[in-house]
Amino acid sequence: MYNEFIEEIAERIHNRWMSKRINEGWVLGKDRNEVLKTHPCLIPYDELPEVEKEYDRATARETIDCLLESGYEIIKQTK
C-alpha cells in the first residue's frame, strides 16, 4: 500500500514538473540544454528511465516523511 502511494505521488510530482517546464517553453530533446530549453525527461512518467523515477520517488518519500514527522496524519478517504 505504501509503495503504491509513493508511486502515485511520484507520478504527480513528475507531471507537475513536466507541465511547469512545458509552460516555460521547454521541449523534449535528447539532452538537457538550458539555452535551447530541451530536456529528455519531458515524457510520461511510465516512460521514464528507472533512475529518474527513483528521483521522484525519493522526493515523494521525503515529503511524506516530513509531514508525518511534523505531526500530520495521512488518511485515505473512502468513497
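We count residues from 1, following the sequence as given.
- With a 4.5 Å cut-off on side-chain heavy atoms, H39 and W17 count as touching.
- Note that CG of L67 is 12.0 Å distant from CD of E73, once rounded to the nearest 0.5 Å.
- For the residue pair A60 and A10, the shortest heavy atom distance occurs at CB-N, 4.0 Å.
- Note that the OH atom of Y72 and the CD1 atom of I64 stand 15.0 Å from one another [nearest 0.5 Å].
- Counting heavy atoms from C-beta on, the side chains of H14 and R16 never come closer than 4.5 Å.
- L42 is listed as a side-chain neighbour of W26, based on a closest heavy-atom distance under 4.5 Å.
- The shortest side-chain heavy-atom distance between I43 and L28 falls under the 4.5 Å cut-off.
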>> Before you tell me yes or no, could you show the steps for D56 and L48 under side chain to side chain contact (heavy atoms under 4.5 Å, CB included), namely the whole-Å CA-CA distance, both residues' side-chain angles and the distance that decides it to 0.1 Å?
In response: CA-CA 10 Å; D56 292 327; L48 284 174; 3.9 Å; yes
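- Under the side chain to side chain donor-acceptor pair (under 3.5 Å) criterion, E24 pairs with K20, sequence neighbours left out.
- For the atom pair R57 CZ and I9 CD1, the distance stands at 13.0 Å (nearest 0.5 Å).
- In this structure, P40 and K30 have side chains that are not in contact, with every pair of non-hydrogen atoms separated by 4.5 Å or more.
- T38 contributes a side-chain N or O that, together with a main-chain N or O of D31, makes up a donor-acceptor pair within less than 3.5 Å.
- Counting only heavy atoms from C-beta outward, the side chains of Y2 and I6 approach each other to under 4.5 Å.
- Side-chain atoms of Y45 and E7 form a donor-acceptor pair, as typed in the model, at a separation below 3.5 Å.
- Counted within 6.0 Å of CD on E62, heavy atoms from surrounding residues, nucleotides or ligands total 12 or fewer; the atom is thus considered open.
- A search for side chain to side chain contact (heavy atoms under 4.5 Å, CB included) contacts involving S19 returns nothing, not counting sequence neighbours.
- Remark: R61 CZ to D65 CG distance equals 8.5 Å, nearest 0.5 Å.
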